[in-house]
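Here the structure is laid out as structure tokens; the discussion comes afterwards.
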Amino acid sequence: KRSIIIILILIVWCVCSSAGLVNDYLLPSPKEIGALIWEMLCNGALWKHIQISLLRVLSGFGITFCMAFPLAVFISFSPLCLELLQTPLEFVRHVPPLATTPLLILWLGIGEASKLAVIVLATFFPIFLNTVNGVSGCDRKLVEVGHVLGLGPFERLVRIILPFALPAIIVGMRLGFGYSWRALIGAELLAATAGLGYMIIEAEELARPDIVLVGIISIGT
């Protein structure tokens, strides 16, 4: 059922291309795109860009989780810290990560560090805020039951609070992972020598909308 819409879009796309209703240069046919994807997979060009971008996303996402998750758990048990940090966190949260790219390039150069920093900024708050909401929203009665049963603070955290907060944590991770791709592609458009974002911007300069579409399809997939 989920593939019905995709199949319908491909059918309409093929019909419009065959009937000449769209300019083949501006929007190449699915057959041309499929052939180009196969060619780029066979010669390794597409795999190279996918692997580089995926490695950046996974690295940045892993760094973010190791920072945001423990900080969120700690702050959830300290209302004073949460109140003190609320204003600066809200300020940073509303600044688009790509707006910081020029500064990050100036401070960290055009290497991997600046791209990872953009990913960290993009993924931090979905993970952090959802973890805070999940942990702080744990049913106090469950925590009291754990206390009555003689569970220590760490045991209550591991056996009661975190399982209760797990759905919210997973939602934050899913959102953060999606944001990491958006931020990375923007960073690669500005400063990169490889990756899907670089492939797209290079295709634009070469006037190759077919390669741009291959990049977009790869990112969506």
Side-chain angles (χ1 to χ4, degrees), residues 46 48-76 78 81-136 168-209 211-221:
L46 184 57
K48 180 189 74 172
H49 293 297
I50 289 175
Q51 289 171 359
I52 291 173
S53 290
L54 185 59
L55 179 61
R56 286 170 177 159
V57 166
L58 293 176
S59 300
F61 184 79
I63 293 171
T64 307
F65 186 81
C66 292
M67 293 171 53
F69 179 75
L71 180 62
V73 173
F74 172 77
I75 286 182
S76 298
S78 178
C81 288
L82 183 59
E83 185 176 353
L84 291 174
L85 293 175
Q86 185 173 7
T87 299
L89 286 176
E90 283 296 308
F91 176 84
V92 177
R93 184 170 74 91
H94 287 92
V95 176
L98 291 182
T100 66
T101 303
L103 277 179
L104 293 175
I105 293 174
L106 180 63
W107 293 342
L108 304 175
I110 61 172
E112 295 301 308
S114 59
K115 300 173 186 61
L116 293 179
V118 171
I119 295 174
V120 169
L121 289 173
T123 57
F124 180 86
F125 288 100
I127 298 174
F128 175 81
L129 294 176
N130 278 276
T131 302
V132 168
N133 291 334
V135 172
S136 61
I169 296 171
I170 291 176
V171 168
M173 293 176 65
R174 292 180 63 183
L175 290 173
F177 193 71
Y179 290 168
S180 66
W181 274 106
R182 299 181 187 183
L184 172 69
I185 299 305
E188 288 182 342
L189 289 173
L190 295 175
T193 56
L196 290 172
Y198 171 78
M199 184 183 79
I200 289 173
I201 198 67
E202 184 184 42
E204 179 198 9
E205 294 173 353
L206 297 175
R208 291 290 304 272
I211 298 180
V212 173
L213 285 172
V214 170
I216 293 173
I217 292 171
S218 301
I219 294 166
T221 303

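We use all heavy atoms of the structure for the numbers below, so side chains are in, but hydrogens, waters and symmetry mates are not.
Rounded to the nearest 0.5 angstrom, Glu112 CD and Leu55 CG are separated by 7.5 Å. In this structure, Thr221 OG1 and Ile216 CD1 are separated by 11.5 Å, a value rounded to the nearest 0.5 Å. In this structure, OG on Ser180 lies 11.0 Å from CG on Leu175, to the nearest 0.5 angstrom. Note that CD1 of Ile169 and CG of Asn133 are 11.0 Å apart. Values are rounded to the nearest 0.5 Å. Taken from CG in Leu85 to CD1 in Ile75, the straight-line distance is 4.5 Å, to the nearest 0.5 Å. Note that CG of Leu116 and CG of Leu121 are 11.0 Å apart. Values are rounded to the nearest 0.5 Å.
Within a 6.0 Å sphere centred on CD of Glu83, heavy atoms belonging to other residues, nucleotides or ligands number 12 at most.
Annotation: side chain of Met199 is in contact with side chain of Leu46 (closest heavy-atom distance under 4.5 Å). Residues Ile200 and Ile219 are in side-chain contact: their nearest non-hydrogen atoms beyond the backbone lie under 4.5 Å apart. Counting only heavy atoms from C-beta outward, the side chains of Leu196 and Ile50 approach each other to under 4.5 Å. Within the 4.5 Å cutoff, no side-chain heavy atoms of Ile52 are placed close to those of Tyr198. Looking only at side-chain heavy atoms (C-beta outward), Tyr179 and Thr64 stay at 4.5 Å or farther from each other. At a threshold of 4.5 Å between non-hydrogen side-chain atoms, the residues Leu129 and Phe124 do not count as touching. Counting heavy atoms from C-beta on, the side chains of Phe65 and Thr123 never come closer than 4.5 Å. The side-chain heavy atoms of Arg208 and Val212, taken from C-beta on, include no pair separated by under 4.5 Å.
The two residues Thr131 and Ser76 come nearest to each other via the heavy atoms O-OG, 4.4 Å. Across every non-hydrogen atom of Ile127 and Ala68, the tightest pair is CG2-CB, 3.9 Å. The nearest pair of heavy atoms linking Val132 to Ala72 is CG2-CB, 3.6 Å. Taking every heavy atom of both residues into account, Leu108 and Ala117 meet most closely at CD1-CB, 3.9 Å. Scanning all heavy atoms of the two residues, the minimum distance from Leu84 to Pro88 falls at O-CD, 3.7 Å. When all heavy atoms are compared, the tightest approach of Ala168 to Gly134 is CB-CA, 3.8 Å.
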*Give the C-alpha distance, both sets of side-chain angles, the deciding distance and a yes or no for side-chain contact (heavy atoms from CB on, under 4.5 Å) between Trp107 and Ser114.*
CA-CA 8 Å; Trp107 293 342; Ser114 59; over 6 Å; no
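The aromatic rings of Phe177 and Phe61 lie perpendicular to each other, with more than 60° between the two planes, well past the 30° mark.
Not a single donor-acceptor pair under 3.5 Å links the side chain of Ser59 to the backbone N or O of Arg56.
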